[in-house]
Amino acid sequence: MKIAPQQRIYVCFFLFAVSLGALLSRMPDLQVAMGVNKSELGLTLIGAAIGALISLTLSSPLIARLGARTTAFITVLGTSALLSLVPWIGAAPVVFCVLFLEGLLAGALEINLNVEIDRIEAQLGRGVMNRAHGFWSLGFFVTALVSSVVRQAGISMELHLAATFVTVLVIGIWAISGMRNAPARIALHEGKAPLVALPTWGLMPLCVIGIAAFLVEGAGIDWSAIYMRDVFSVEPFIGGLGLTLFTFCMALARLFVDPLVDRFGARAVATMLLVLSAIGICAVSGAPHPYVALAGFALMGAGCSAVYPLAVSAAAQRTDRAAYLNVAALGQMSFVVFFLAPPLLGFIAEHAGIRTSYLVCLPLIIYAFFSAKALATRRAAGGGSAATARSVNG
């Protein structure tokens with residue numbers, strides 16, 4: 001079967017989310033299996049954040065040398081394999097080490113897929129970045145829905161994640177085998193690219209936007225099941241609906257938001273979505289009933305949906321240096337927050353209550369709201385290369 005280049009990237013995003021989501025949906029079970037409290041669970045999960053930070057900082061030259069196809073094989077299949085090992089370990093320090101290795105691969109995956117989809121977007125002359133990230137969200141939705149049924153049926157973590165890995169392995173080999181490197185955008189920057197990708201001052205507003213989006217995403221994905229269990233003592237299926245609704249609304253928004261971005265511009269769309277995120281956070285924090293909390297998780301999912309992809313597009317189209325360096329630098333500041341959210345929110349939940357932990361997201365959302373001016377008002381004709389880059393940089 002022949003599929004378009006962007007569709008192969010869609011599959012890679014989907015498979016990575018399926019693997020990660022399968023583990024995150026079993027957080028309550030993993031906590032019990034390791035015999036740790038919320039704070040200790042968060043500290044264990046921080047191994048992935050450390051690995052991702054190192055990879056996002058140092059792996060860009062290696063990715064450029066290996067190419068999109070080889071990097072995708074290593075990272076998509078490798079992360080799934082490592083995540084499938086976690087339930088079999090049981091000891092928190094060893095889980096930390098496995099997640100550190102997974103983070104190394106996840107950081108490289110983030111750079112590779114985002115740069116590749118930006119190049120394909122330039123070839124097509126239309127936006128597909130949000131749709132690509134929509135398949136990441138769709139993967140979380142599918143695995144959240146499946147996991148709710150799996151947990152209710154009493155199927156073990158070990159069997160659940162092993163079956164997930166086998167599925168990812170089969171589909172991943174099929175999708176990645178036909179991948180080809182898309183031509184790079186015309187280099188408008190000058191000078192030799194540095195070996196280490198660090199954020200520049202001009203990139204910082206985009207970093208703030210990305211951090212806010214990923215903090216909300218981490219809060220919704222990592223802790224929704226534990227929140228529903230601890231606050232409302234609901235059964236596993238209802239508890240899993242928080243994650244299901246969050247990921248469903250995120251996927252739905254990402255899959256269909258690109259025409260709105262083309263029409264109204266990234267700045268207007270991101271501003272609207274950040275407002276939805278804030279409303280959702282407030283609803284979850286003060287929910288008097290499980291259904292209010294579920295509605296809040298749905299709003300959070302829709303609200304943080306396209307914010308990070310819009311920031312990635314803006315970073316990739318900057319003209320100050322190579323696209324993969326800007327994407328990597330943005331990923332350092334935002335993607336790592338996705339992994340740092342569990343220990344941060346876990347620490348706050350342990351000492352101040354899990355409702356209070358969600359309010360931590362609000363100040364950053366407000367800051368990102370005022371940073372949205374760094375995004376382009378409209379997508380330029382022809383896929384938004386030079387004209388959009390000037391608008392972004394200006």
Side-chain angles (χ1 to χ4, degrees), residues 9 12-21 23-24 44-83 85-86 95-118 129 132-133 136 139-140 168 172 176 193-200 203 206-207 209-211 213-215 217-218 221-222 308-309 311-313 315-316 321-344:
I9 304 297
C12 290
F13 271 116
F14 179 85
L15 294 178
F16 178 44
V18 164
S19 300
L20 184 57
L23 178 64
L24 294 179
T44 302
L45 298 179
I46 204 174
I50 297 172
L53 178 60
I54 293 173
S55 180
L56 287 163
T57 304
L58 301 175
S59 65
S60 294
L62 179 60
I63 294 168
R65 187 158 54 248
L66 291 176
R69 180 174 175 271
T70 301
T71 304
F73 263 123
I74 295 171
T75 57
V76 175
L77 304 184
T79 52
S80 184
L82 290 170
L83 290 169
L85 294 177
V86 170
V95 171
F96 176 94
C97 295
V98 172
L99 291 179
F100 171 78
L101 296 176
E102 188 272 338
L104 289 175
L105 295 181
L109 181 149
E110 170 77 1
I111 298 170
N112 183 49
L113 296 186
N114 278 310
V115 170
E116 193 67 13
I117 200 66
D118 175 69
M129 178 68 77
H133 283 258
W136 154 277
F140 270 112
V168 169
I176 300 171
L195 294 178
V196 178
L198 295 174
T200 60
L203 197 64
L206 298 177
C207 291
I209 295 169
I211 288 171
F214 262 135
L215 185 59
E217 186 172 348
I221 289 176
D222 296 329
Y308 178 66
V312 170
S313 289
R321 57 181 180 172
Y324 69 82
L325 288 172
N326 281 326
V327 170
L330 174 63
Q332 289 173 27
M333 302 294 291
S334 51
F335 193 70
V336 171
V337 171
F338 180 76
F339 293 105
L340 286 178
L344 171 63

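Note that the structure is predicted; figures quoted are calculated from it, not measured.
The CG atom of Leu45 sits 10.5 Å away from atom CZ of Phe96, with the distance rounded to the nearest 0.5 Å. From Leu83, atom CG reaches atom CD of Glu102 across 4.5 Å, with rounding to the nearest 0.5 Å. Summarising the geometry, atom CG belonging to Leu77 is positioned 8.0 Å from atom CG belonging to Leu15; distances are rounded to the nearest 0.5 Å. Rounded to the nearest 0.5 Å, atoms CZ (Phe100) and CD1 (Ile46) are 12.0 Å apart. Rounded to the nearest 0.5 Å, atoms CD1 (Ile9) and CH2 (Trp136) are 14.5 Å apart.
A 4.5 Å side-chain heavy-atom check between Glu110 and Thr75 finds every atom pair outside the cut-off. Under the 4.5 Å side-chain criterion, counting only non-hydrogen atoms from C-beta, Leu20 is not in contact with Thr79. Looking only at side-chain heavy atoms (C-beta outward), Asn326 and Leu203 come within less than 4.5 Å of each other. Taking the side chain as every heavy atom from C-beta outward, Leu105 and Phe16 never approach each other to under 4.5 Å. A heavy-atom distance below 4.5 Å is not found between the side chains of Leu113 and Ile117.
Closest of all the heavy-atom pairs between Ile209 and Ala311 is CG2-CB, 4.3 Å. The shortest heavy-atom contact between Ala315 and Leu206 is N-CD1, 3.7 Å.
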Checklist entry - Under the side-chain contact (heavy atoms from CB on, under 4.5 Å) criterion, do Phe140 and Leu24 qualify, and how do the steps go? => result CA-CA 9 Å; Phe140 270 112; Leu24 294 179; 4.0 Å; yes
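Residues satisfying the ring-ring contact (aromatic ring centres under 6.0 Å, His included) test with Phe13, not counting sequence neighbours, are His133. The side-chain hydrogen bond (donor to acceptor under 3.5 Å, both in side chains) check on Ser19 picks up Ser80, with sequence neighbours excluded. Applying the side chain to side chain contact (heavy atoms under 4.5 Å, CB included) criterion to Leu101, with sequence neighbours excluded, gives Leu82, Leu104. Every residue two or more places apart in sequence or in another chain that forms a side chain to side chain contact (heavy atoms under 4.5 Å, CB included) with Ala68 is listed here: Asn112, Glu116, Met179, Asn181. Looking at residues two or more places apart in sequence or on another chain, you find a side-chain hydrogen bond (donor to acceptor under 3.5 Å, both in side chains) between Ser55 and Ser59. Not counting sequence neighbours, the partners of Leu66 by the side chain to side chain contact (heavy atoms under 4.5 Å, CB included) test are Leu62, Thr70, Thr71, Ile74.
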